[in-house]
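Have a look at the structure below, then the notes.
Lettering of chains follows the sequences in order, A, B, ..., and the numbering in each one begins at 1.
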There are 2 protein chains.
Amino acid sequence: MVNTTLKKLSQVSGLSISTISRALKNHPDISEKTKSLVIELANTLDYEPNINAVHLRTQNNRLFGVIVPSISNFFHESVIAALEEECRKNNYTLMILQSGDDPEIESDNIKLCRQNRVNGLFACITPETKNIESFSKLKEVDIPIIFFDRVPERSDCHKVCVADIDSATMAANLIAEKQKKKVLALFGNSNFLITKKRFNAFTEIMSAHNIACITAYSSNETHSEELTNIYLAENPDSIFCMTDEILTGVMRAIQKKQLKIPDDISVIAISNGYIPTLYYPSITYIETSGKKLGKLAFESMMSTISGSTFIQDRTIESVLVRGQSI
Amino acid sequence: MVNTTLKKLSQVSGLSISTISRALKNHPDISEKTKSLVIELANTLDYEPNINAVHLRTQNNRLFGVIVPSISNFFHESVIAALEEECRKNNYTLMILQSGDDPEIESDNIKLCRQNRVNGLFACITPETKNIESFSKLKEVDIPIIFFDRVPERSDCHKVCVADIDSATMAANLIAEKQKKKVLALFGNSNFLITKKRFNAFTEIMSAHNIACITAYSSNETHSEELTNIYLAENPDSIFCMTDEILTGVMRAIQKKQLKIPDDISVIAISNGYIPTLYYPSITYIETSGKKLGKLAFESMMSTISGSTFIQDRTIESVLVRGQSI
DNA sequence: TTATCAACTGCAAACGTTTGCGACAATGTT
DNA sequence: AACATTGTCGCAAACGTTTGCAGTTGATAA
């Protein structure tokens with residue numbers, strides 16, 4: 001069966017297309033009698049407006065795009081979930097795109113956003129995104145972009161990030177407070193601005209408290225496990241994990257060696273919150289909430305869309321969630 | 001700046017809109033000289049076709065929808081990832097929708113699919129979806145639906161599922177093979193067909209081997225943990241977990257009680273594969289691959305779209321992934 | 001010269017909506 | 001009786017494409 005259109009409703013009812021259209025959107029020009037008649041007819045014929053035609057005509061898609069490296073990631077998942085919820089509330093649609101951390105796919109995705117005439121884009125850039133030229137094309141056509149989590153370094157764009165320095169500082173301070181003497185600190189991809197900032201903040205506090213600090217970078221689970229095995233030889237009394245991936249690697253190494261947490265070794269992480277609860281004793285972590293980030297990013301989008309020329313640069317504050325691992 | 005359109009390209013170049021359109025899609029009617037001229041112009045003006053107009057005109061959106069309860073789920077995540085990859089390869093777009101297991105949102109999502117004139121829908125229904133009336137409306141307008149994972153019981157619809165009986169059977173057989181005497185078996189939502197089938201298959205094998213079997217249903221982590229604590233009093237020598245959520249609950253209980261796996265107790269699960277590897281010793285599990293399911297669902301979609309009237313009813317076979325937990 | 005042909009390009013309709021404007025009848029006002 | 005007002009409704013253009021068909025060239029053949 002072919003789709004019902006306004007034209008069909010018009011033919012069946014004998015009313016004009018414009019009357020049908022107005023009746024369905026409760027326009028004051030149309031009499032109540034006609035309205036109810038049209039609405040009933042539309043229901044029996046299962047009319048659904050063709051959204052392409054609507055958008056073409058109104059030039060407003062009520063559509064946002066979001067580009068993440070992968071939806072298979074606790075943090076980005078929760079960001080998307082939050083964005084989705086807000087979109088639903090505000091009657092927007094969300095187009096979810098995955099870049100796979102590939103700049104080429106990323107630029108394809110941006111093209112898709114342009115073709116779809118999105119009203120705005122939320123973007124978490126890939127590590128390799130050096131220039132944001134493909135993004136600037138969006139700006140040329142007045143499509144606002146809210147960068148989140150991994151953002152460009154330049155200052156002339158909207159950003160919503162988790163606390164970079166703060167979260168590292170909180171973890172470091174807790175380690176100092178607990179009188180730890182030697183910490184193994186594992187950081188994520190060293191290309192990211194956030195990693196650099198956290199690294200500096202963390203190591204600074206360590207040296208301020210005269211705590212020995214072994215540092216290394218790792219961006220996946222297996223590598224983290226290897227690193228842990230290597231540096232465990234130096235007998236650290238605590239381990240700091242900057243990401244969930246690092247945490248799982250570290251935990252595998254610890255479990256294999258049958259070390260007791262927190263007696264043999266303490267663990268503290270920065271996390272979105274799910275992974276740390278899987279272990280026993282549960283891992284103490286600094287929560288960087290994707291939900292909050294999503295909500296804030298959406299707010300920023302709405303305010304720039306409604307005309308604010310203010311450059312949004314906002315930060316989610318982190319909170320310490322105490323487990324028994326330190 | 002406003003978007004570049006064919007009309008603008010036409011005005012700038014002095015060529016007609018139709019020539020522009022044809023030149024951009026390499027139509028043989030247009031001379032090479034004109035083509036390269038137009039293409040260059042389009043590039044400098046950053047032309048991107050308005051996809052709404054294209055779809056409206058061509059009546060083909062190259063768009064699929066997928067409805068999942070939530071993308072925050074290991075299994076559905078991997079299904080989506082697979083679908084997305086196939087879509088990209090075949091030049092389709094994927095519209096990802098979350099129902100939150102709420103039938104009302106589900107039906108809103110279906111409406112969205114209709115409004116967007118999707119070419120097909122992949123759907124994982126909510127536990128409460130009793131009648132599939134809202135889905136049948138899609139069928140009326142010739143939008144094919146491939147149900148996956150959680151599917152309606154009726155036989156007149158396309159389905160792609162993970163092995164229900166097989167996976168339970170494999171787990172049960174391994175338990176028997178390892179000479180276990182008393183097993184605690186935790187199953188998921190008892191409303192689901194898949195749970196019933198697995199329950200029956202599992203318990204049947206247990207009784208065939210004279211293995212004592214304590215069974216219970218649970219659909220979240222906390223509840224599973226409680227159940228485990230309760231039934232651990234009956235000293236089972238092994239635990240079967242039908243889902244990842246159950247597994248994490250069970251593991252928390254086990255870790256709290258400091259039980260040694262597999263000496264004190266054995267564990268076996270049905271899982272998508274990520275969670276079992278987090279623990280040490282790693283958990284033996286029956287893998288139900290979301291990736292494979294996604295690929296198969298896409299295949300089914302393509303074949304029904306290209307005219308096959310055959311009712312697709314396909315199953316992903318499970319494979320045993322041996323850890324050290326049994 | 002005229003007819004024929006190929007190569008190239010433009011006209012105009014159509015996809016399904018929304019919406020400014022005008023038409024028309026019925027009613028109220030002077 | 002003439003006019004203004006109000007309540008309903010339809011006409012037609014526009015959004016940005018695609019595409020069947022026809023038109024315009026210039027060259028070649030008769």
Length of the [atom1]-[atom2] vector between [X] and [N], whole Å:
| X | N | atom1 | atom2 | result |
| --- | --- | --- | --- | --- |
| A:L6 | C:dC15 | CG | P | 13 Å |
| A:E32 | D:dT6 | CD | C1' | 16 Å |
| A:I20 | C:dG16 | CD1 | P | 15 Å |
| B:K25 | D:dG16 | NZ | P | 16 Å |
| A:Y47 | C:dG16 | OH | P | 10 Å |
| A:L56 | D:dA13 | CG | C1' | 13 Å |
| B:L24 | C:dT9 | CG | P | 13 Å |
| A:I17 | D:dA13 | CD1 | C1' | 13 Å |

Assess whether one donor atom and one acceptor atom, taken from the side chain of [X] and the base of [N], lie less than 3.5 Å apart.
| X | N | value |
| --- | --- | --- |
| A:R22 | D:dG10 | yes |
| A:S18 | D:dC11 | yes |
| A:D29 | D:dC9 | yes |

Measuring to OP1 and OP2 of [N], would you say a side-chain N or O of [X] lies under 4.0 angstrom away?
| X | N | answer |
| --- | --- | --- |
| A:K8 | C:dG16 | no |
| B:K33 | C:dC8 | no |
| A:T34 | D:dC9 | yes |

Check: Going through the checks in order, is the salt bridge (Lys or Arg N to Asp or Glu O under 4.0 Å) test met by A:E133 and A:K137?
Finding: CA-CA 7 Å; A:E133 199 205 339; A:K137 285 194 180 170; 5.0 Å; no
Checklist line | Ring-ring centroid check B:F122 B:F148, cutoff 6.0 Å | finding: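 For B:F122 and B:F148, the ring centres are not under 6.0 Å apart.
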Margin query: Quick check on the 6.0 Å ring-centre criterion: do B:F74 and A:F74 meet it?
Written below: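 Yes - the distance between ring centres of B:F74 and A:F74 falls below the 6.0 Å cut-off.
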Between [options], which nucleotide gets closest to the side-chain atoms of [X]?
| X | options | answer |
| --- | --- | --- |
| A:S31 | D:dC11, D:dC9, C:dG16 | D:dC9 |
| A:S16 | C:dT17, D:dT17, D:dC11 | D:dC11 |
| A:I30 | C:dT17, D:dC9, D:dT17 | D:dC9 |
| B:Q59 | C:dC15, D:dG16, D:dC9 | C:dC15 |

Next item on the list: Return the orientation label for the B:F64 and B:Y92 ring planes: parallel under 30°, perpendicular over 60°, tilted otherwise.
Entry: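 Parallel.
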Next item on the list: For A:T5, report the nucleic acid contact type (base, sugar-phosphate, nothing); a contact means any heavy atom under 4.0 Å.
Entry: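 Sugar-phosphate, backbone atoms only, no base.
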Next item on the list: Give one of base, sugar-phosphate or nothing for A:P28, where a contact means two heavy atoms less than 4.0 Å apart.
Entry: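 It contacts nothing in the nucleic acid.
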Item checked: Backbone N/O of A:E104 and side chain of A:D102: donor-acceptor pair under 3.5 Å ->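 Such a contact is found between A:D102 side chain and A:E104 backbone.
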Note to self: Need to verify one output field. Residue with the more 5' nearest nucleotide on DNA chain C, A:E48 or B:H27?
What the structure shows: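 So the residue in question is B:H27.
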Margin query: Please determine whether salt bridge (Lys or Arg N to Asp or Glu O under 4.0 Å) holds for the pair A:E84 and A:R88, giving the CA-CA distance in whole Å, both sets of side-chain angles, and the decisive distance to 0.1 Å.
Written below: CA-CA 6 Å; A:E84 239 237 341; A:R88 179 189 316 286; 3.6 Å; yes
